[in-house]
Amino acid sequence: MRRREFLRTLTGVALPGAASAVRAPRGLKITDVRVVVTNPERSPMGNFVLVKIVTSEDGLYGWGDATCTGSELAVAKFIEEYMRPVLIGRDPMRLEDIWQTLFHHPYYRSGSVHMSALSGVDMALWDIKGKVAGLPVYELLGGRARTKLLTYTSVSGRDFREVEEGARRMIERGYKVLKVQVRAPGLESGYAVPPSERQRAATEKAHQAGVPPVETWEPDAYVRTIPKLFEHLRKTLGEEIELLHDVHERITPSQALWLARALEPFRPFFLEDPLRPEHADTFRLIRRQCSTPIAMGEIWTGQWDGLFLITEHLIDYVRHDLCHCGGITTGKKIATIAEPFGILTAWHGPSNISPIAQRANCHVSLSVPNFGIQECRTNWPDAAREVFSSAPTYSEGYVNIGDEPGLGIEIDEEAAAKYPYLRRYRPLIRRADDSAWAY
Ligand code: CO
């Protein structure tokens, strides 16, 4: 019923019956491509780059997410200056053709800026296709392979006690899987942990001055601390709760092997990003010597980047970010590549991608047979709810989306304009000797 009503408004023609084929309006063309950069939360990681693709059919348009934290305006400019002229006048229904065209057109291709831009366009085109069909995108991808998506949330603290308390609160809310992070003793900061007061003040000062904050990082103390955190949590929380941890590529290959082995007795759900993507062969070190499941992929920018780790059975979860790897089209392809290798999906779903991408993640996750888990932000502030009509909903350890056509999300552009781009930089990570280190 809803589909038919929608098509009627789209084509102006009443459909004769259920047997009639769904057809895109004749001569449908892309007439405009607009980019909206908005930061409703006014947070350092909160700039979202949204793409709107407008068509020749009144009221038919699609929204995508091209957010790439750290190069937001470069992506926005790339879409406006280099993709828009290629897109105008094209048939938006020819999604795969447009994807291939935009991928090859720059010749010097790939990388985070180009692929984030392409991801945003891809999502917007899926949104349009779903609206034309009157179906949610997951139906176009094969339909629901499951009714809801296992999810997890992050718990972090300055010490074990704080992590434990946070974990108890989330278990009470129904979470079955938790990502646990703790600040190592002697460090002022770390990845995804609360900084010290001193670090917080220094970071704020840098933001005010318009320069990147600096954080000092030493991996040894961190590597020693994490197995103790797991031991503490297993002792206090028991065996039932699943625990995972994100290294964020901040350690050396031998440290990663030691950590993966030290965590083995505590049966982690997975160990995330233990090694740098540039050192793909080092994943063999872990695989040969321990059974800790390994997840990798959020930093990859295409279907080729992680291929070696998949075909060599060196990881257990692919964690591509559908905002950076080529969108829904690439996500579906990667899942298909991984399926015969027994590798599951765990698409990157952090706070610094918008609810559009969070929904895109869910559409793919719902439809693939080899789904593992879906990271997903659900605690959006009021300002974000003003801009975005919906986000995945959380209930008892799972997330879900409704059956609205397309991606199922609307953007209030006036509200978005109230929260413009905020200039903020990621921190520079330095060792104690002031040498550069991985983020
Ligand atoms: Co990560």
Side-chain angles (χ1 to χ4, degrees), residues 44-46 65 67-71 112 115-116 119 150-157 163 175 177-184 189-194 215 217 219 222-223 225-226 229-230 242-253 255-256 259-260 263 268-280 282-283 286 292-302 305-306 309-310 314-325 331 334 338 343-354 357-358 360-361 365 372-378 399 426-427 429 437-439:
M45 302 280 275
D65 188 350
T67 300
C68 184
T69 310
S71 46
S112 57
M115 294 308 287
S116 298
S119 301
L150 180 68
T151 191
Y152 65 90
T153 193
S154 293
V155 176
S156 73
V163 181
Y175 278 99
V177 187
L178 296 173
K179 168 173 152 178
V180 291
Q181 310 284 137
V182 72
R183 195 169 84 212
S189 59
Y191 168 70
V193 297
E215 293 181 9
W217 171 255
Y222 158 79
V223 170
T225 303
I226 299 307
L229 170 69
F230 270 70
E242 296 281 1
L243 303 171
L244 62 94
H245 176 75
D246 189 353
V247 177
H248 227 242
E249 307 150 9
R250 284 187 174 202
I251 56 179
T252 65
Q255 284 170 331
L259 179 59
L263 289 177
F269 187 85
F270 60 59
L271 183 62
E272 181 178 329
D273 302 339
L275 293 162
R276 298 181 191 181
E278 295 85 2
H279 301 159
T282 57
F283 281 78
I286 301 179
T292 294
I294 303 297
M296 181 70 190
E298 65 188 57
I299 203 169
W300 289 332
T301 56
D305 295 25
L309 299 187
I310 296 172
L314 298 180
I315 52 174
D316 301 270
Y317 293 86
V318 279
R319 270 186 62 68
H320 293 70
D321 189 313
L322 301 195
C323 253
H324 308 323
C325 75
I334 290 164
I343 294 170
L344 306 179
T345 65
W347 306 133
H348 191 219
S351 325
N352 57 310
I353 58 174
S354 87
Q358 306 277 357
N361 280 339
S365 290
I373 195 163
Q374 182 59 63
E375 181 182 22
C376 189
R377 181 178 183 184
T378 52
V399 284
R426 284 182 182 277
I429 308 302
W437 196 249
Y439 184 90

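First listed ligand is number 1; within each ligand, the first listed atom is number 1. In this text the structure is predicted, and so the values were computed from the model without any measurement.
- Of the residues L243, V193, V180, the one that meets the side chain to side chain contact (heavy atoms under 4.5 Å, CB included) test with V163 is V180.
- Per residue E298, closest N, O or S atom to the Co ion (ligand 1): atom name OE1.
- Aromatic ring centres of Y222 and W217: separated by under 6.0 Å.
- Taking the Co ion (ligand 1) as reference, D246 places its N/O/S atom OD2 nearest.
- Side-chain atoms of E272 do not come within 3.5 Å of backbone N or O of L244 as any donor-acceptor pair.
- Scanning both residues, V318 and A338, for their nearest heavy atoms gives CG2-CB, 4.4 Å.
- For E272, the N, O or S atom closest to the Co ion (ligand 1) goes by the atom name OE2.
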